[in-house]
Amino acid sequence: SAVISQKPSRDICQRGTSLTIQCQVDSQVTMMFWYRQQPGQSLTLIATANQGSEATYESGFVIDKFPISRPNLTFSTLTVSNMSPEDSSIYLCSVDDRGTADTQYFGPGTRLTVL
Amino acid sequence: EDKVVQSPLSLVVHEGDTVTLNCSYEVTNFRSLLWYKQEKKAPTFLFMLTSSGIEKKSGRLSSILDKKELFSILNITATQTGDSAIYLCAANTGNQFYFGTGTSLTVIP
């Protein structure tokens with residue numbers, strides 16, 4: 001399986017600021033995904049990051065709040081903009097397994113706390 | 001509406017016990033069922049199930065899928081404290097993975 005790293009692993013931010021989370025994969029992957037996991041909740045898909053095209057956002061998530069970049073097949077960023085305490089969450093990137101869409105593997109996650 | 005439901009929500013057992021975790025799903029264009037173990041932050045992959053009745057096994061963990069009744073179970077035998085985690089199941093439609101809310105397992109020494 002692909003090896004995935006995320007930066008930062010955790011951060012504490014002030015309300016109204018923005019944070020960019022980076023996701024790096026050790027191999028080229030077609031699909032990268034960004035999830036949010038709020039305290040006590042399951043994983044919620046924010047968007048699918050496609051290389052060379054706009055990200056596809058799920059209902060309830062918009063590009064202005066969560067802009068995503070996917071400059072190449074091994075890297076993606078998610079920005080959480082104009083943060084509020086409700087954005088406190090774990091943010092996870094994941095990749096599909098060799099483009100088969102059969103299995104997703106997750107990065108180590110970013111724990112974000114907004115004060 | 002596509003959904004995945006896990007039960008129980010939480011479970012506390014003693015070391016050596018056997019536990020069964022349940023996952024039922026209702027999704028369109030079901031492709032596979034996956035189990036993950038989540039400790040701290042990131043889920044780690046355990047099993048992928050695509051066919052009914054075929055048990056997947058890894059050490060003390062095993063899982064089976066029933067595509068007729070739309071559910072899967074994850075069994076853990078001879079539990080250890082290191083098994084304490086949240087166990088997530090997800091139904092894959094090929095377009096998206098639908099995650100359940102997880103079962104929080106605590107194994108007491």
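Chain A is the first sequence line, chain B the second, and so forth, proteins listed ahead of strands; every chain is numbered from 1.
- Taking a 6.0 Å sphere around NZ of B:K57, one finds it holds more than 12 heavy atoms contributed by other residues, nucleotides or ligands.
- Heavy atoms closer than 4.5 Å to chain A are found nowhere in B:Y98, neither backbone nor side chain.
- A distance of 8.5 Å separates CD of A:Q104 from CG of B:L34, quoted to the nearest 0.5 Å.
- Between B:F97 and A:F33, a ring centre-to-centre spacing not shorter than 6.0 Å is recorded.
- For CD of A:E58, the number of neighbouring non-hydrogen atoms (other residues, nucleotides, ligands) closer than 6.0 Å is greater than 12.
- Under the 4.5 Å side-chain heavy-atom criterion for ILVMFWY residues, no single connected hydrophobic cluster contains both B:I76 and B:F45.
- In this structure, A:F106 and B:K41 have side chains that are not in contact, with every pair of non-hydrogen atoms separated by 4.5 Å or more.
- For A:L43, the parts lying near chain B are the backbone and the side chain together; criterion is any non-hydrogen pair under 4.5 Å.
- For the atom pair CD1 (A:I90) and NZ (B:K40), the distance works out to 12.0 Å, reported to the nearest 0.5 Å.
- Proximity to chain B (any heavy atom under 4.5 Å) is restricted, for A:Q37, to the side chain, taken from C-beta onward.
- Contacts between B:Q6 and chain A at a heavy-atom distance below 4.5 Å are absent for every atom of the residue.
- Remark: B:R60 CZ is packed, more than 12 non-hydrogen atoms of other residues, nucleotides or ligands lying under 6.0 Å away.
- Between B:A42 and A:P108, the closest heavy-atom pair is CB-CA, 3.6 Å.
- Of the two parts of A:T48, neither the backbone nor the side chain holds a non-hydrogen atom closer than 4.5 Å to a non-hydrogen atom of chain B.
- Between B:P43 and A:L92, the closest side-chain pair of non-hydrogen atoms falls below 4.5 Å.
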